[in-house]
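In what follows, a single structure is set out as structure tokens and then discussed.
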Amino acid sequence: MTEEIMTKGIKELNKMIANSTANQEEKERFSIENDDQLKWAFQMMEEKRKEIRAKKDMIQQATDYYESQIKDLRKDIDYFKGLAMQYAEEQADKDPNWQFKESPYGRITRTKESSKFAVTDKEALIKHYKGTSFVEEVVQDKLKWADLKKNLSSPDGQHVTNEDGELINGVEVVTKPSALVMKHKSVKGSWIEKED
């Protein structure tokens, strides 16, 4: 009798396996009717989890492989950038207005010299502008630098004055010199400095 039960159980398991690999409609129609079928369902779930883990491992291995290749390719790009910038600097030494825009793959342009204001003494600014709209009075006074900066100027490029011409302490002019900048086309087709 136990042999007959085993044979019946095997047939039933084979039937369940066939049902589990059938299309989605058949999976939805199958229902668990006893503890053995429940055990089988748990076994099938564990098998699917193992498959998922194996696929995730494969994805991670592929990702690691390609990340390694990308790292090597970035080193190559840095090498060629170094060569190009060395050449560009030699050309710029000969001609300060030199630029290169004749390639569809990259260009080297010159940025303009620019200046900006930098806070050197925040407390001095707060003290000077306390009681104005440029200082927010909360538990601790807070400088509204973005608003204040709009009202400052530097007529001589060295000293900072407010709109009344008053010399302001706590702010200095920081000048960023002209520089050569290498650009390449992005995937979207615009010229960018940053690597994709």
Side-chain angles (χ1 to χ4, degrees), residues 52-129 132-136 140-196:
I52 290 170
R53 285 191 293 271
K55 292 193 184 307
K56 284 184 176 181
D57 287 345
M58 288 173 63
I59 290 169
Q60 187 60 51
Q61 288 172 6
T63 300
D64 292 345
Y65 172 76
Y66 288 112
E67 286 294 332
S68 173
Q69 285 193 332
I70 289 170
K71 187 177 178 182
D72 291 343
L73 292 169
R74 289 203 188 281
K75 285 180 187 176
D76 291 345
I77 289 170
D78 289 342
Y79 171 75
F80 288 112
K81 270 186 177 178
L83 293 175
M85 288 307 287
Q86 181 179 357
Y87 173 79
E89 287 168 6
E90 290 169 2
Q91 298 307 307
D93 286 345
K94 295 175 191 173
D95 175 8
N97 296 318
W98 180 88
Q99 296 188 76
F100 181 80
K101 296 182 179 180
E102 291 133 28
S103 169
Y105 305 111
R107 54 177 52 175
I108 296 176
T109 58
R110 180 171 293 282
T111 61
K112 293 181 180 175
E113 184 177 286
S114 64
S115 297
K116 68 177 187 175
F117 298 123
V119 175
T120 57
D121 188 349
K122 194 174 187 179
E123 292 306 315
L125 287 172
I126 289 173
K127 184 177 177 183
H128 184 82
Y129 284 100
T132 69
S133 64
F134 300 122
V135 175
E136 189 175 353
Q140 183 179 10
D141 291 336
K142 179 181 176 188
L143 182 67
K144 294 171 146 184
W145 174 241
D147 293 338
L148 175 59
K149 186 168 48 172
K150 294 174 189 172
N151 291 288
L152 301 178
S153 63
S154 178
D156 63 0
Q158 294 177 356
H159 299 94
V160 180
T161 60
N162 64 14
E163 55 193 9
D164 297 330
E166 183 181 3
L167 192 62
I168 303 300
N169 294 323
V171 180
E172 69 180 18
V173 177
V174 177
T175 302
K176 184 178 175 184
S178 172
L180 292 172
V181 177
M182 186 179 303
K183 297 181 179 184
H184 68 281
K185 280 211 174 172
S186 70
V187 176
K188 294 179 181 177
S190 60
W191 291 100
I192 60 171
E193 290 178 56
K194 189 176 178 186
E195 291 298 330
D196 294 337

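Just so we're clear, the structure is a prediction, and the values are computed from it rather than from any experiment.
- The distance from atom CG of Leu83 to atom OH of Tyr79, rounded to the nearest 0.5 Å, is 4.5 Å.
- Leu125 and Asn169 get closest at one heavy-atom pair: CD2-O, 3.4 Å.
- Under the 3.5 Å distance criterion, the side-chain polar atoms of Thr132 are matched with a main-chain donor or acceptor of Phe134.
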**Message:** Run Thr63 and Ile59 through side chain to side chain contact (heavy atoms under 4.5 Å, CB included) and show every step you take.
**Reply:** CA-CA 6 Å; Thr63 300; Ile59 290 169; 4.0 Å; yes
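- In terms of heavy atoms, Val173 sits closest to Gly157 at CG1-O, 3.5 Å.
- For Phe117, there are no ring pair (Phe, Tyr, Trp, His ring centres under 6.0 Å) partners two or more places apart in sequence or in a different chain.
- With sequence neighbours excluded, no residue forms a side-chain hydrogen bond (donor to acceptor under 3.5 Å, both in side chains) with Lys127.
- Side-chain contact between Asn151 and Asn162 is absent, with no heavy atoms from C-beta onward closer than 4.5 Å.
- What you find for Ala92 and Leu180 is that their closest heavy atoms are CB-CD1, 3.9 Å.
- A donor atom on one side chain and an acceptor atom on the other are not found under 3.5 Å apart for Tyr65 and Gln61.
- For the atom pair NE2 (His184) and CH2 (Trp191), the distance works out to 9.5 Å, reported to the nearest 0.5 Å.
- The OG1 atom of Thr109 sits 7.0 Å away from the CD atom of Glu193 when rounded to the nearest 0.5 Å.
- The CG atom of Leu152 sits 9.5 Å away from the NZ atom of Lys149 when rounded to the nearest 0.5 Å.
- With rounding to the nearest 0.5 angstrom, the CD1 atom of Ile168 is 12.5 Å from the NE2 atom of His159.
- For Gln60, the side-chain hydrogen bond (donor to acceptor under 3.5 Å, both in side chains) partners are Asp64, not counting sequence neighbours.
- Within the structure, no pair that satisfies the side chain to side chain donor-acceptor pair (under 3.5 Å) test touches residues 82-108, not counting sequence neighbours.
- Heavy atoms only, all atoms of each residue included: Met182 and Ala84 are closest at CE-CB, 3.5 Å.
- Every residue two or more places apart in sequence or in another chain that forms a side-chain hydrogen bond (donor to acceptor under 3.5 Å, both in side chains) with Ser178 is listed here: Arg110.
- Thr175 and Pro177 make their closest contact through O-CD, 3.7 Å (heavy atoms, listed as atom of the first residue, atom of the second, distance).
- The minimum heavy-atom distance linking Ile108 with Ala88 is given by the pair CD1-CB, 3.6 Å.
- Contacts classified as salt bridge (Lys or Arg N to Asp or Glu O under 4.0 Å) and involving residues 150-176 (residues at least two apart or in different chains) are not found.
- For the atom pair CD1 (Ile126) and CG (Leu148), the distance works out to 10.5 Å, reported to the nearest 0.5 Å.
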